[in-house]
Amino acid sequence: MAELLGAAQVKENRVFKCAFAVFGIMSSLLIYGILQEKIMRIPYGINKEYFRYSLFLVFCNRIMTSAVSAGVLLASKKSLDPVAPMYKYCAVSISNILTTTCQYEALKYVSFPVQTLAKCAKMIPVMVWGTLIMQKKYNGKDYLFALLVTIGCAVFILYPASTDITPYNTGRESTIWGISLMLGYLGFDGFTSTFQDKLFRGYDMEIHNQIFYTTVCSCLLSLTGLILQGHLLSAINFMFKHQDCFYDVALLSTVATVSQFFISYTIRNFGALTFATIMTTRQLVSILLSCIWFAHPLSWEQLIGAGIVFGSIYTKSFLRSQTQRPQHTSSSSSNA
């Protein structure tokens with residue numbers, strides 16, 4: 001009887017933790033997505049001025065994340081010394097800056113639903129970088145699902161509703177530039193996650209240690225870029241001129257930092273498969289919420305493309321969980 005009560009309590013705690021993780025990731029990233037689109041696509045003030053300094057957003061996000069990660073390391077009395085050579089942190093940092101900059105810049109030319117769905121296509125660049133950097137091997141199902149997701153994303157991007165215009169430009173040239181930026185995002189993001197995985201496997205590294213050093217490098221690099229472009233003072237002046245933009249940027253940096261820790265918590269407690277399923281659901285909800293909040297129309301071709309993407313991803317997650325379940329059961333019984 002006591003064992004049954006104990007097992008029920010463990011299950012209840014696990015359900016509570018999972019609900020906490022789902023709520024944290026969904027709420028923080030949904031707010032992040034809305035703020036991201038608002039800052040880059042909605043004009044501020046009477047004169048309808050657009051915020052154009054995407055690298056400044058990267059700088060603000062990384063400052064807050066590095067400060068919080070340093071605080072966590074100090075509070076837990078863990079060492080602030082780098083575990084890996086600094087150039088490896090810098091490699092992750094550079095690719096991460098390029099990833100985020102492409103993400104923000106793309107919002108000038110494509111809508112948030114298009115950008116969000118296009119992120120699902122990062123399966124192929126992750127597989128390419130995994131093969132090159134980690135010498136991983138993938139089976140036929142992996143390539144099939146990656147191809148289906150890519151086809152669905154292509155349909156969604158190439159057949160937008162005619163009334164969904166960009167704030168900076170209209171016409172085919174803007175679509176091509178937006179797609180080019182999204183391709184840059186996918187390539188750099190695939191490298192970032194793969195190289196981070198390699199660092200964790202190659203060194204006995206705390207996640208906060210990696211977050212701290214990569215974000216510190218990102219702060220220095222993005223600050224240098226802002227100074228060289230002459231955008232630092234312009235961005236600060238814009239926020240002084242439009243205080244609502246300042247609040248948006250501050251909140252964006254806060255939820256970006258919060259989401260990083262919820263992501264770490266989820267992967268640590270429930271694994272990458274659960275995390276991937278939550279993120280897929282978050283992307284679907286983000287698209288629907290953006291369409292409602294910012295009045296983005298969807299064409300029937302886009303609905304078909306979205307169905308192909310999310311159907312493929314959920315099918316892949318289901319098949320993977322079915323193959324992993326027997327292994328998990330057998331290992332549990334052998335331990336008992």
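Since we're looking at a predicted model, the values are computed, not measured.
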key: Candidate pair Arg52 and Ser234, rule side-chain hydrogen bond (donor to acceptor under 3.5 Å, both in side chains), full reasoning   = CA-CA 10 Å; Arg52 301 172 181 269; Ser234 300; over 6 Å; no

Leu57 vs Met40, side chain to side chain contact (heavy atoms under 4.5 Å, CB included): CA-CA, chis, key distance, verdict = CA-CA 10 Å; Leu57 297 180; Met40 297 304 299; 3.8 Å; yes

query = Arg41 and Gln36: side chain to side chain contact (heavy atoms under 4.5 Å, CB included), yes or no, with the steps?
reply = CA-CA 8 Å; Arg41 290 180 65 92; Gln36 175 182 263; over 6 Å; no

request  = Please report the C-alpha distance between Tyr89 and Tyr87 in whole Å, then the side-chain angles of each, then the deciding distance to 0.1 Å, and finally whether the ring pair (Phe, Tyr, Trp, His ring centres under 6.0 Å) criterion is met.
outcome  = CA-CA 5 Å; Tyr89 292 109; Tyr87 74 88; 9.6 Å; no

query = Are Ser259 and Ser28 close enough, and set up right, to give a side-chain hydrogen bond (donor to acceptor under 3.5 Å, both in side chains), and what steps lead you there?
reply = CA-CA 6 Å; Ser259 68; Ser28 61; 4.8 Å; no

task = Report the C-alpha distance between Ile97 and Leu55 in whole Å, list the side-chain angles of each, state the deciding distance to 0.1 Å, and finish with yes or no for side chain to side chain contact (heavy atoms under 4.5 Å, CB included).
result = CA-CA 8 Å; Ile97 287 176; Leu55 194 57; 3.9 Å; yes

request  = Using the side chain to side chain contact (heavy atoms under 4.5 Å, CB included) rule, take Gln210 and Val83 through it: C-alpha gap first, then chi angles, then the decisive distance, then the call.
outcome  = CA-CA 8 Å; Gln210 187 183 113; Val83 177; over 6 Å; no

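Among all heavy-atom pairs drawn from Val255 and Ile31, the shortest one is CG1-CG2, 3.9 Å. Residue Val72 comes nearest to Ser76 through the heavy atom pair O-OG, 2.8 Å, listed as atom of the first residue, atom of the second, then distance. Nearest approach of Met86 to Pro82, heavy atoms of both residues: SD-CB, 4.0 Å. Considering all non-hydrogen atoms of both residues, Phe188 and Ser95 come closest at CB-O, 3.7 Å. The heavy-atom pair separating Ser54 from Tyr104 by the smallest distance is CB-CB, 3.4 Å. Across all non-hydrogen atoms, the minimal contact from Leu232 to Ile227 is CD2-CG1, 4.2 Å.
Asp189 has its side chain out of reach of Gln103: every pair of non-hydrogen atoms, C-beta onward, lies at least 4.5 Å apart. Between Lys38 and Leu252 there is no side-chain heavy-atom pair separated by less than 4.5 Å. In this structure, the side chains of Tyr185 and Glu105 stay at 4.5 Å or more apart for every pair of heavy atoms. Between Glu49 and Lys241 the shortest side-chain heavy-atom distance falls below 4.5 Å. For the pair Asn61 and Tyr32, the minimum side-chain heavy-atom distance is below 4.5 Å.
Note: Cys219 SG to Arg62 CZ = 8.5 Å, rounded to the nearest 0.5 Å. Here CG of Leu29 is found 11.5 Å from CD1 of Ile34. Values are rounded to the nearest 0.5 Å. Here Asp244 contributes atom CG and Ile39 contributes atom CD1; the two are 10.0 Å apart, rounded to the nearest 0.5 Å. The distance from atom OH of Tyr143 to atom CG of Leu148, rounded to the nearest 0.5 Å, is 15.0 Å. With values rounded to the nearest 0.5 angstrom, Lys88 atom NZ is found 12.5 Å from Cys90 atom SG. Rounding to the nearest 0.5 angstrom, the gap separating the OG atom in Ser253 from the CG atom in Leu35 is 10.0 Å.
Between the side chain of Asn237 and the backbone N or O of Leu233 there is at least one donor-acceptor pair closer than 3.5 Å.
Counted by atom type alone, Ser93 and Thr214 present zero donor-acceptor pairs between their side chains at under 3.5 Å. Defined by atom type and a distance below 3.5 Å, a donor-acceptor pair is present between the side-chain atoms of Thr257 and Thr65.
Aromatic ring orientation, Phe238 versus Phe51: perpendicular (interplanar angle above 60°, classes split at 30° and 60°).
With ring centers used as reference points, Tyr50 lies 6.0 Å or more from Tyr44. Proximity of the aromatic rings of Phe246 and His242 is defined here by a centroid distance below 6.0 angstrom, and this criterion is not met.
Connection of Phe240 to Leu251 is established within a shared hydrophobic cluster, with ILVMFWY side chains joined at heavy-atom distances below 4.5 Å, either directly or through further cluster members. Residue Tyr53 is grouped with residue Ile236 when hydrophobic side chains (ILVMFWY) are merged at heavy-atom distances under 4.5 angstrom, including chains of intermediate members.
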